[in-house]
**Student:** 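One structure is given below, represented as structure tokens, and several questions about it will come after.
Just so you know, residue 1 is the first one in the sequence shown, and it goes up from there. Everything quoted here is computed from the prediction, not taken from an experiment.
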Amino acid sequence: MTSIWLDHSEPFVSDPFEPGGTYDTVVAGAGLTGLVTALLLARSGQNVLVLEARYPGAVTTGNTTAKVTLLQGTFLSQLARQYSQKQVQAYVDANREGQAWLLRYLDEQGVPYQRRDAYTYAASAQGTEKLREEVSAGTTAGLDLEYVRDAGLPFPVHGAVRLADQAQIHPVKVLETLVSDIRGRGGSVVGGVRLQDVTGSGPATVHTDHGTVTANEVVLATGIPVLDRGLYFAKLKPSRSYAAALQLQDDQAPPPGMYLSVEQPTHSLRDYDADGRRLLLVGGHGHHVGRARSEKHHLGSLLDWAGRHYPGAVATHTWSAQDYMPTNLMPFFGRFPRGKGHIHFGTGYSKWGMTNAVAAAVGISADILGGNVPWADTIHRRVTSPSGAFSAAALNAGVAGKLAAGWGQLAAEGLRKHRKEPAPAPVVPADGEGRVYSEGPRPVAVSTVDGTTCRLSAVCTHLGGILHWNDSELTWDCPLHGSRFSSDGKLLEGPATRDLPAADKA
């Protein structure tokens, strides 16, 4: 499952990694947050090193639907139910600055993007009340929102909110431009090197899987922080959602704007011009990572929905992305707890990373360079509401339940074997399948992909969750905090920092 953005990108060529090197700032993560932060620091004259475990855009940025919009579904009205108007205004101001910075930068660099009106639409009468709440919240925060009856979609809607003159981008072309700019200012962007820990301060020692370097400042731009000292894994819900690029029939055309539904499962739409072909990009049907009965079913349901509205459409690409949803809704960025003021981070963009990531980078770079950003100060002083605290408690109760259920199921299997009751013998799964079973005291994850069978530890290397087989992407996903591993055990994303060991080495 390769996104349309990554499928058309040039292979990344890494700068050399030099163990023992010293830098002003080391940035972990080469998505939008990390690269914009690195560029802002490099512009100020800093010697910056970007470390990326895989390649730029490998995780969220390279798998987004890439809408650069201040109309974000019904997010502002959700914020308004938990926060003061001052806090909501700060969020809008942050996103406005993030959007303005990014589009100004693309204009300066000659990177193309498209202006589109953004719509949030209601497919049911019940959804229209949410639309009116969003109009109220957005208008109060200074957005020129308009309630319309016709959104230009090929199916009936009960109403929509429109925000004119927003934008959509090719996210990987943006990352490629940022990488080139950083290098042109003396910075380095290294792929295939994973940050695993940070110790000390003044300067800090950055531990990676290829050796150590030192830096005065460290930025964690890894989707979710890979250092547990701030316990952000307990404040963020990892969500997996799906997308597809569709070639339409000759008598069909993508709708003229960018769209997101109010109802669940969500449906996102935008267009993309690929080599003269105007494709339709659809997305949605998300779920908590590692807890779907079948990820393939979620993707299939999205394609079925698209096929009903665009009969005969053919998928050219399908993919999925991972986002982190704060239990208190507001994104986190700034100085990292217990980092002695020298570790910084950004996370929790709730699927709106094209603007929030840049805003976080502006705030982080200001902290490092001694600047002051009023909207950032306001967001930092937020107080979690009772509903936010309840959401956090519910999230962590669910995590505890999944942890207990995963180990309990394997313990029951082990007890059955101890009683010499019949139990299914371990078998080689069919190609594309995986399963978890108990082998003595060890939980084992076995899968077969492209004819190769791998037997791994079924225990997530982060906090010990029992892994779940993702039948769409053929990966092992942790239902606790969203760490994901390839079928042969390589760490793909999430708060874990180590690969899965082989079953006989766990």
**Student:** Evaluate the ring planes of Trp305 and His267, with Trp represented by its six-membered ring, and classify them as parallel (under 30°), tilted (30 to 60°) or perpendicular (over 60°).
**Tutor:** parallel
**Student:** I'd like to know if the side chain of His468 reaches the main chain of Ala292, judged simply by a donor and an acceptor atom lying under 3.5 Å from each other, with no hydrogens or angles considered.
**Tutor:** yes
**Student:** Would you check if Gln322 and Glu493 make a side-chain contact, meaning some heavy-atom pair closer than 4.5 Å?
**Tutor:** yes
**Student:** Okay, side chain of Glu18, backbone of Val213: is any donor-acceptor separation there less than 3.5 Å?
**Tutor:** no
**Student:** Going by heavy atoms in the side chains, are Leu102 and Val174 under 4.5 Å from each other?
**Tutor:** yes
**Student:** With Leu269 as reference, evaluate Leu280, Thr65, Leu246 under the side-chain contact (heavy atoms from CB on, under 4.5 Å) test and give the passing residue.
**Tutor:** Leu280
**Student:** Within the side chain of Arg270, is there an N or O that forms a donor-acceptor pair under 3.5 Å with the backbone of Leu281?
**Tutor:** no
**Student:** Do Asp15 side-chain atoms and Val189 backbone N/O form a donor-acceptor pair below 3.5 Å?
**Tutor:** yes
**Student:** Is the distance between the ring centroids of Tyr232 and Phe345 under 6.0 Å?
**Tutor:** yes
**Student:** Quick one: does Glu295's side chain get under 4.5 Å of Tyr242's, heavy atoms only?
**Tutor:** yes
**Student:** Do Thr205 side-chain atoms and Thr214 backbone N/O form a donor-acceptor pair below 3.5 Å?
**Tutor:** no
**Student:** Is the number of heavy atoms from other residues, nucleotides or ligands under 6.0 Å of Asp250 CG greater than 12?
**Tutor:** no
**Student:** Report yes if the side chains of Tyr55 and Ser14 come closer than 4.5 Å at any heavy-atom pair, otherwise no.
**Tutor:** no
**Student:** Examine distances only and state if a side-chain atom of Thr461 and a backbone atom of Arg498 form a donor-acceptor pair shorter than 3.5 Å.
**Tutor:** yes
**Student:** Has the side chain of Trp476 got a donor or acceptor atom that lies under 3.5 Å from a matching backbone atom of Gly434?
**Tutor:** no
**Student:** For the residue pair Pro265 and His298, establish whether any side-chain heavy-atom pair is separated by less than 4.5 Å.
**Tutor:** no
**Student:** Ser457 versus Lys505: any side-chain heavy-atom pair under 4.5 Å?
**Tutor:** no
**Student:** Go through the steps to decide whether Trp319 and Ile4 satisfy the test side-chain contact (heavy atoms from CB on, under 4.5 Å), and finish with yes or no.
**Tutor:** CA-CA 8 Å; Trp319 67 96; Ile4 196 167; 3.8 Å; yes
**Student:** Decide if the gap between the ring center of Tyr121 and the ring center of Phe155 is smaller than 6.0 angstrom.
**Tutor:** yes
**Student:** Is the backbone of Asp271 close enough, under 3.5 Å, to the side chain of Gln168 for a donor and an acceptor to pair up by distance?
**Tutor:** yes
**Student:** With distance as the sole test, does Thr69 use its side chain to make a donor-acceptor pair with the main-chain N or O of Ala118 at under 3.5 Å?
**Tutor:** no
**Student:** Give a yes or no on whether a salt bridge exists between Asp197 and Arg229, defined as a side-chain N under 4.0 angstrom from a carboxylate O.
**Tutor:** yes
**Student:** Please report the shortest heavy-atom distance between Met325 and Ser350, naming the atom on each side.
**Tutor:** SD-CA, 3.7 Å
**Student:** Quick one: CG on Asp273 to NE2 on His170, what's the gap to the nearest 0.5 Å?
**Tutor:** 11.0 Å
**Student:** Are there more than 12 heavy atoms of other residues, nucleotides or ligands under 6.0 Å from atom NE2 of His207?
**Tutor:** yes
**Student:** Step by step, would you call Lys490 with Asp499 a salt bridge (Lys or Arg N to Asp or Glu O under 4.0 Å)?
**Tutor:** CA-CA 5 Å; Lys490 295 290 190 299; Asp499 295 340; 5.0 Å; no
**Student:** Say whether, by atom type as modelled, one donor and one acceptor occur between the side chain of Glu263 and the main chain of Ala123 under 3.5 angstrom.
**Tutor:** yes
